[in-house]
Amino acid sequence: MSQGMVWLASYPKCGNTWLRSFLTAYGHVDAQVDLNAMDSTIAASRLRLDAALGIETVDLLPHEIRELLPIGLREWAHTPNTPRFVKVHDASGLTRDGKPLFPQDVTHGVIHLVRDPRDIVISLRHHRGSTLDATIQRLNDPQEWVAKGHRGIGAQVPQYLGDWTTHTRSWLESPLRRLTLRYEDMLAKPLDCFRQVVEFCGLPLDEAHLTQAVSATSFASLKAKELAEGFRERPADASAPFFREGRAGGWKDVLSVAQIDAIVTTHGDMMRHFGYEL
């Protein structure tokens, strides 16, 4: 692979863990993956950021940590044995002094995953052990953060998301080299989509190995692994397994007309941009 970090950027529950598992499988001779030992990290790792910055972030406010993020990420890029695939839930953007949060000089590119927000809220509702209405409210909140209340006690530092449209637009407008994939296309055409991933990352393309890795990280395979081995990234208060259904269009059977309207009214323009039916 060419040098430089590959940011795996998405709003939560858009297939980021699926992508990470595929990249891990493709990087192994036997195309297998241990869900609890994937070849990637997260940009919000408090342990890594503290080590990179040489300070403890425990007493910093969320916006102060966000300002320091590019310094920590650049330090990662120059640290031996740092995983080059980095999960990102943060919205892209600039620091207060105009510096990109994700430094271009240490970046190979961004793989940006997008999913129909009506399906996102169903997955997020179970992931957070919350209600649909509360989840929709957070999806529509321009001031939305994740892990904001941890203040030093969590493994992740706070991450600014904004609402779904703001988050999505932030990555579409990023100057970084980018591959954007829809979750729905990954489900319908996994070989085509993951072939694009391999080529984008500058990895050697081996069609037989690609097929093997795609099979090893199908939703059914990952769900079976979680049931057999557990998955430490599943929140303790989640109301369902991390790998729950893995399908598109489930919102049609779950959301009320009022809930659909609340999402479409706020995000309709961006949904049209990606071809989602309204």
Fill in: Identified side chain to side chain donor-acceptor pair (under 3.5 Å) partner of Y276 from the options E184, H267, R118
E184
Rounded to the nearest 0.5 Å, what separates atom [atom1] in [X] from atom [atom2] in [Y]?
X    : Y    : atom1 : atom2 : result
L205 : E199 : CG    : CD    : 5.5 Å
H63  : L68  : NE2   : CG    : 10.0 Å
T265 : I263 : OG1   : CD1   : 10.0 Å
L187 : F219 : CG    : CZ    : 9.0 Å
L8   : L23  : CG    : CG    : 6.0 Å
R66  : L60  : CZ    : CG    : 15.0 Å

Side-chain contact, heavy-atom cut-off 4.5 Å: [X] with [Y]?
X    : Y    : value
R20  : F85  : no
R195 : E207 : yes
L49  : E75  : no
I120 : C14  : yes
M270 : R169 : yes
V257 : D261 : yes

Polar side chain donor-acceptor pair, [X] to [Y], under 3.5 angstrom:
X    : Y    : result
R178 : T180 : yes
H108 : R84  : no
R138 : S130 : no
D90  : H167 : no
R46  : T57  : yes

If we ignore hydrogens and angles and just use 3.5 Å, is the side chain of [X] paired with the main-chain N or O of [Y] as donor and acceptor?
X    : Y    : result
E144 : D141 : no
S10  : P12  : no
W18  : T217 : yes
T266 : A262 : yes
T135 : T131 : yes
E64  : L61  : yes
H209 : H28  : yes
S92  : W171 : no
D119 : W251 : yes

Fill in: Where L132 and I122 come nearest, the two heavy atoms and their spacing
CD2-CA, 4.2 Å
Does the pair [X]/[Y] count as a salt bridge with the N-to-O cut at 4.0 Å?
X    : Y    : answer
D185 : R182 : yes
K99  : E67  : no
E277 : K252 : yes

Worksheet entry | Q137, CD: over 12 other non-hydrogen atoms inside 6.0 angstrom | no
Worksheet item: If you draw a 6.0 Å radius around CG in N81, do more than 12 non-hydrogen atoms from other residues or ligands fall strictly inside?
Response: no
Fill in: H89 and Y11: CA distance, side-chain angles, deciding distance, side-chain contact (heavy atoms from CB on, under 4.5 Å) verdict
CA-CA 6 Å; H89 282 326; Y11 197 88; over 6 Å; no
Worksheet item: Does NZ or CZ of R74 come closer than 6.0 Å to the centre of the six-membered ring of F102, within 45° of the ring's axis?
Response: no
Worksheet item: Are R48 and T79 close enough, and set up right, to give a side chain to side chain donor-acceptor pair (under 3.5 Å), and what steps lead you there?
Response: CA-CA 11 Å; R48 286 184 176 273; T79 302; over 6 Å; no
